2 protein chains.
Amino acid sequence: MPTLAETAGLFADRTRAAFCQALLDGRAWSAGELARHAGVRPSTASEQLSRLVAGGVLTEERQGRHRYVRLAGPEAAALVEALTSYAPDTPRPRSLRASVQLGAEARARTCYDHLAGRLGVALADAMIARGLVADESGLTVTPAGRAWLAGLLGREQPPGARRPLVRSCLDWTERRPHLAGALGAALCATALERRWVRRVGSGRAVRVTPEGTGAFRELLGVEV
Amino acid sequence: MPTLAETAGLFADRTRAAFCQALLDGRAWSAGELARHAGVRPSTASEQLSRLVAGGVLTEERQGRHRYVRLAGPEAAALVEALTSYAPDTPRPRSLRASVQLGAEARARTCYDHLAGRLGVALADAMIARGLVADESGLTVTPAGRAWLAGLLGREQPPGARRPLVRSCLDWTERRPHLAGALGAALCATALERRWVRRVGSGRAVRVTPEGTGAFRELLGVEV
DNA sequence: GGAACGGTTCGGCGCCGCCCGAACCATCCC
DNA sequence: GGGATGGTTCGGGCGGCGCCGAACCGTTCC
């Protein structure tokens with residue numbers, strides 16, 4: 001088992017941290033894309049990616065002359081998320097450019113495999129208000145919620161899954177929880193699949209389509 | 001808000017990591033104790049502690065010529081715990097001395113503010129078996145569990161608390177979950193207060209007293 | 001075949017961060 | 001007051017890490 005310092009060291013670098021946060025969109029990125037994104041040379045990116053892969057944070061798949069990497073799993077994503085959103089005290093200033101980017105992501109974005117931002121929080125609120133998810137001693141899915149989810153997916157959820165059905169994930173723009181876990185992932189996958197939201201740009205930001213506006217209203221009474 | 005790299009950097013050092021892990025026992029340590037524990041000079045410890053305090057991981061209280069530090073809160077403890085127990089692959093060898101220490105902690109120890117080790121896992125199993133805690137879509141406290149807890153504490157639990165009543169915390173010796181959250185903390189506090197367990201040595205390890213053996217058997221049917 | 005492209009390896013450079021010892025300050029005890 | 005103890009500050013040394021450029025390798029496309 002790696003030591004605490006070793007694990008933390010994997011993230012304790014501007015470049016590697018930028019890689020991990022970019023990969024929070026849950027997709028696979030090529031080495032070159034990540035290098036450009038983080039503003040480093042390909043050689044640097046190559047070395048740093050190797051460290052993250054060796055540390056078990058990322059997995060890689062080679063395709064021809066491309067090297068694609070993604071987060072190794074939900075645990076790795078949760079770790080990145082936890083470290084990112086650890087905010088003991090007051091906020092600090094940001095650049096204008098970063099603020100614009102942040103604006104898009106604040107509206108709606110993906111957080112590894114589920115929806116976040118104002119959209120994610122609104123969906124979470126609606127599901128709690130409608131009794132699909134209960135907020136007593138942590139978040140749980142109610143029987144009504146299970147039925148709702150089964151209806152949405154057209155199938156039952158496997159009950160014995162290792163992963164919790166729903167997990168609370170603190171939203172770093174809204175400072176309020178949104179829905180992670182298997183339910184959050186299923187909802188996000190459905191939304192992408194049925195074109196309720198579309199990815200915009202290369203980052204995590206997504207935009208709600210007209211169909212999505214109607215679907216979210218009909219499904220949960222959410223106005224976006 | 002600090003960046004991911006900055007937050008991770010706080011833990012990405014052998015000495016600071018040792019401090020944080022020692023403080024996982026939930027108590028306040030003096031600077032000198034931590035320095036000896038980590039095997040560094042007092043001057044080094046002083047500087048590193050200042051960094052952890054500035055980063056919001058620790059809080060300090062000065063008493064006379066002593067400087068006591070403790071983990072800043074459950075969030076900080078959860079972060080240390082998550083980074084410590086992130087084990088993507090295979091275990092590595094340990095020194096003999098470390099193994100002995102580990103043996104004591106494997107039996108029973110505190111994990112920030114709740115009980116862990118074989119004792120912690122056994123208690124968690126018993127509470128699930130008796131229907132006090134349910135393991136569907138994450139851990140939740142059942143109505144019976146609430147009543148049980150109220151009886152133990154002699155008072156109701158405040159329902160509107162921010163902190164989840166129960167949280168699953170992966171045990172890094174047992175590789176199985178034990179009970180964290182407010183319930184875990186209350187149980188641990190009660191056990192220490194009523195002398196069911198006693199701290200042994202300066203670390204996290206605890207020993208079950210004869211009274212404790214009886215209490216755990218009567219309360220939850222757990223044989224330790 | 002040749003050119004373009006993505007990625008990797010290697011040497012080298014510069015900086016940062018960790019640690020120590022020495023001096024100093026504050027508190028506590030006699 | 002004087003001595004002992006716990007803690008802090010400061011200068012300095014050393015190692016390691018992150019970065020780059022250059023050379024190289026394999027794939028893809030013409």
Side-chain angles (χ1 to χ4, degrees), chain A residues 2-23 27-71 80 83 202, chain B residues 2-23 27-71 80 83 202:
Chain A
T3 66
L4 166 54
E6 285 166 353
T7 304
L10 292 173
F11 304 100
D13 169 73
R14 208 163 28 88
T15 301
R16 287 194 299 272
F19 290 172
C20 292
Q21 289 186 307
L23 291 165
R27 292 181 291 183
W29 291 50
S30 74
E33 287 170 335
L34 287 171
R36 256 170 286 135
H37 176 78
V40 295
R41 296 282 143 197
S43 59
T44 303
S46 176
E47 288 175 352
Q48 304 301 355
L49 286 178
S50 295
R51 290 193 52 177
L52 288 170
V53 170
V57 174
L58 307 184
T59 57
E60 67 181 12
E61 18 188 332
R62 314 257 175 168
Q63 280 182 20
R65 57 182 170 183
H66 292 276
R67 176 199 209 178
Y68 289 105
V69 295
R70 62 171 73 243
L71 286 173
V80 174
L83 283 167
S202 66
Chain B
T3 65
L4 165 54
E6 285 166 353
T7 303
L10 292 173
F11 304 101
D13 169 74
R14 210 162 27 88
T15 301
R16 288 195 298 272
F19 290 172
C20 292
Q21 289 185 307
L23 291 165
R27 292 182 291 183
W29 290 48
S30 75
E33 287 170 335
L34 287 171
R36 265 183 312 258
H37 176 78
V40 295
R41 298 280 140 198
S43 58
T44 303
S46 176
E47 289 173 352
Q48 304 300 356
L49 286 178
S50 295
R51 289 191 55 178
L52 288 170
V53 170
V57 175
L58 306 184
T59 57
E60 67 182 12
E61 16 188 333
R62 313 257 174 168
Q63 280 182 21
R65 58 182 169 182
H66 291 277
R67 177 199 208 178
Y68 288 106
V69 295
R70 62 171 71 244
L71 286 173
V80 174
L83 283 167
S202 66

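Please read these numbers as outputs of a predicted model, since none were measured by experiment. Lettering follows sequence order; numbering is per chain, from 1.
The nucleotide whose nearest atom lies closest to any side-chain atom of A:Val40 is, among D:dC20, C:dC19, C:dG7, D:dC20. Closest to the side chain of A:Arg65, out of D:dT27, D:dG7, D:dG21, is D:dT27. For A:Arg51, taking side-chain heavy atoms from C-beta onward, the closest of the listed nucleotides C:dC20, C:dT8, D:dC17 is D:dC17. Listed nucleotides C:dG7, D:dC19, C:dT9 differ in distance to A:Ser43; the shortest reach to its side chain belongs to C:dT9.
We find that CZ of B:Arg14 is positioned 11 Å from P of D:dG16, with the value rounded to whole Å. A straight line from CD of B:Glu33 to C1' of D:dT5 spans 14 Å, rounded to a whole angstrom. Separating the CD atom of A:Glu6 from the P atom of D:dC17 is a distance of 11 Å, rounded to the nearest angstrom. Rounded to whole Å, atom C1' of D:dC19 lies 17 Å from atom CG of A:Leu34. Between the CD atom of B:Gln48 and the P atom of C:dG17 there is a distance of 11 Å, rounded to whole Å. With rounding to whole Å, B:Tyr68 atom OH is found 10 Å from D:dG6 atom C1'.
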Begin with the C-alpha distance, continue with both residues' side-chain angles, and end with the deciding distance and a verdict on side-chain contact (heavy atoms from CB on, under 4.5 Å) for B:Arg62 and B:Tyr68.
-> CA-CA 6 Å; B:Arg62 313 257 174 168; B:Tyr68 288 106; over 6 Å; no
Begin from the C-alpha positions of A:Leu49 and A:Leu58 and carry the test side-chain contact (heavy atoms from CB on, under 4.5 Å) through to its verdict.
-> CA-CA 8 Å; A:Leu49 286 178; A:Leu58 307 184; 3.9 Å; yes
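Taken to the nearest 0.5 Å, the CD atom of B:Glu6 stands 11.0 Å off from the CZ atom of A:Arg14.
Between B:Arg41 and the phosphate of C:dG21, there is a side-chain N or O to OP1/OP2 separation shorter than 4.0 Å. Using a 4.0 Å cut-off, no side-chain N or O of A:Arg67 falls inside it from OP1 or OP2 of C:dG6. At least one side-chain nitrogen or oxygen of B:Arg62 sits closer than 4.0 Å to the OP1 or OP2 atom of D:dT8. Contact check, B:Arg16 against C:dC18: a side-chain N or O comes under 4.0 Å of OP1 or OP2. Close to C:dC19, at under 4.0 Å from its OP1 or OP2, lies a side-chain N or O of B:Thr15. Contact check, B:Thr44 against C:dC20: a side-chain N or O comes under 4.0 Å of OP1 or OP2.
Between A:Gln63 and A:Asp13, the one whose closest nucleotide on DNA chain D sits nearer the 5' end is A:Asp13. Closest-nucleotide positions on DNA chain D for A:Glu47 and B:Glu60 were compared, and the one nearer the 5' end corresponds to B:Glu60.
For A:Leu23 against A:Leu71, the heavy-atom pair with the smallest separation is O-CD1, 3.5 Å. Nearest heavy-atom pair, B:Cys20 versus B:Val57, reported as atom, atom and distance to 0.1 Å: SG-CG1, 4.2 Å.
In this model, no side-chain donor or acceptor of A:Ser30 finds a partner on the base of C:dG6 within 3.5 Å.
Salt bridge B:Arg70/B:Glu60: absent, no basic N to carboxylate O contact under 4.0 Å.
For B:Glu47, there are no salt bridge (charged side-chain N to carboxylate O under 4.0 Å, His left out) partners at least two apart in sequence or on another chain. Checked against salt bridge (charged side-chain N to carboxylate O under 4.0 Å, His left out), B:Arg16 has no partners two or more places apart in sequence or in another chain.
Counting non-hydrogen atoms under 4.0 angstrom, B:Ser50 reaches nothing in the nucleic acid.
DNA chain C contains the following stems of three or more consecutive Watson-Crick or G-U pairs, with both distances under 3.5 Å: C:1-30 with D:1-30.
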